[in-house]
Amino acid sequence: MSLKNVLENWSDYRKGHEQGGHHDYEHMWVMAVDLDKCTGCNACSVACYAENNLAVVGKERMMKGQGMHWLRVERYWDEPQIGGDDGQFQSAGGSFLPMMCQHCNAATCEPVCPVAATYHTPDGLNAQVYNRCIGSRYCSNNCPYRLRYFNFFSYYEESWPEPLNQQLNPDLSVRDKGVMEKCTFCVQRIRTAKDTARREGRAVQDGDAVTACAQTCPTQAIVFGDMLDKESRVSKIWAKQQVELGKTKQVKANPELRGYRILEGLNTDPCIMYLDRVREV
Amino acid sequence: MLNIRIVSKLFDSGMRVVSRRRGLMALLMACCLGLGSGVAQAEVPNAVAPKGTHSGEHVPQPIDFPHDIHADINGINCMYCHTYARRSKVAGIPPTSKCMGCHSVIATDKPRIQQLTEYWEKNEPPRWKKVHDVPDFVHFTHEKHLQRFVFENEGMNVENVDQVCAFCHGDVKKMTVAEKTKPLTMGFCVRCHEANEGPSDCWHCHK
């Protein structure tokens, strides 16, 4: 979606996706995360740090909520009625939830940006243009998932002292103080996949673009792909779980199916489907 | 007056990149015939050249490489040395071995060639300085631009690729060491993208 489109269709923008939206998508990158497979090992988070030049802010700033982890693994203790009565210990049973930007098709962060630094790309990605960002932090405050991270300081020297700066990924910039950032679905990898496909004169195939977290996950809990490609692994998983994009409430023929999207009732139309953990009661 | 373009055309009209042998032969013939410049500037079809000029600082290089002798007088295709331009993000600086491919026999008495030979014998690359440097937050690929303006451009003769290069690099054929003569600012890029109907999506170029 171009900026012009956002401005012209502002009023029905928030509801537009239910009628197919104003987008003329080339791709629709989506993800499926199987929480039953997730062991909470944090490998995805580490991979994200390495791939996306994320600053390591240190314990104190992390405690203040200034961490820059685009992908955080949230930990939840089980509810007492299913055996988690002692919530203090892992033995009580916990579950993990990898949280990254949900790339909402009706993103709440996009309309509030005063300078249109965040917008929707023709790939269905929720983009953040660092150069345009003035650091108003409206987007972060309007995100129901709290998945946007603000650079309160310039972390460059502290996070990558010589010679660590040599390991920075050249395919994306190092963000400086005063800029909002968030998960990009590894847009640099998507871009490379598209360029390669174009050079070879073919369409982008399933598996050409893989995010760092999906690539790293030891249990393959994270699956990434193009929703418009009906044969892709991820769109088959979505179809199997009877979860569809563009709905505020999923109507499932089989209520036993595990697929759900977080806070979809808020009409954000997130692009990540989670598969609930199966537990013995 | 016969010039090098016609000479090379005699060998291969659809020449994409001058092969070393052909380049050498063309060079030798050019030397024999004592050819000069004065090639008429052909227009690039289906393209609007970007406007804007800039006078950049002179960047001193380890060797004063004369682009004019190579590209203009001898008519060597830009992509003969900058090989990666058509298949990669960066155009690439040729390895010294490529220079030596010709200069082990050509113009060996010239001081600049002797300087080059010194580097070659020391097994050391000349540390060329970057002249056209876009900021780190810009994603630019030479490949896509060459595909658009040269290889997928109907009616475009690949021998005139220098005119496409000149869109952003200026008339390098008339320079010795390359100098920045185009602003390479966002406005410069965007105006050209608008004129040539290139993508206007922020994430196409910003990273």
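Here is the naming used below: chain letters follow the sequence lines, and residue numbers restart at 1 for every chain. Computation of the quantities below employed the complete heavy-atom set of this structure, encompassing side-chain atoms and omitting hydrogens, waters and symmetry-equivalent molecules.
A perpendicular orientation is assigned to the rings of B:His103 and B:His70, their planes being inclined by more than 60° (bins at 30° and 60°). Note on ring orientation: taking the six-membered ring where Trp is involved, the planes of B:His142 and B:His169 are parallel (angle under 30°, cut-offs 30° and 60°). Between A:Phe185 and A:Phe224, the ring planes lie perpendicular to each other; the angle is over 60°, past the 30° to 60° tilted range.
Centroid-to-centroid, the aromatic rings of B:His145 and B:Phe140 come within less than 6.0 Å.
Contact annotation for A:Arg198: only side-chain heavy atoms (C-beta onward) come within less than 4.5 Å of a heavy atom of chain B. For a residue to count as touching a neighbouring chain, one of its non-hydrogen atoms must lie under 4.5 Å from one of that chain's; by this rule A:Asp123 does not touch chain B. Only the side chain of B:His139 comes within less than 4.5 Å of a heavy atom in chain A; its backbone stays farther off. Proximity to chain B (any heavy atom under 4.5 Å) is restricted, for A:Arg191, to the side chain, taken from C-beta onward.
Scanning residues 136-169 of chain A against chain B with a 4.5 Å heavy-atom cutoff picks out nothing at all.
For B:Glu197, there are no salt bridge (charged side-chain N to carboxylate O under 4.0 Å, His left out) partners two or more places apart in sequence or in a different chain.
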Worksheet item: Given A:Leu125 and A:Ile190, is the side chain to side chain contact (heavy atoms under 4.5 Å, CB included) satisfied, shown in steps?
Response: CA-CA 11 Å; A:Leu125 297 173; A:Ile190 295 172; 4.0 Å; yes
Item to complete: Begin with the C-alpha distance, continue with both residues' side-chain angles, and end with the deciding distance and a verdict on side chain to side chain contact (heavy atoms under 4.5 Å, CB included) for A:Met227 and A:Trp238.
Response: CA-CA 9 Å; A:Met227 194 64 166; A:Trp238 276 59; 3.5 Å; yes
Practice prompt. Please test B:His67 against B:Phe65 for ring pair (Phe, Tyr, Trp, His ring centres under 6.0 Å), starting from the C-alpha separation and ending with a verdict.
Written response: CA-CA 6 Å; B:His67 278 93; B:Phe65 177 83; 4.7 Å; yes
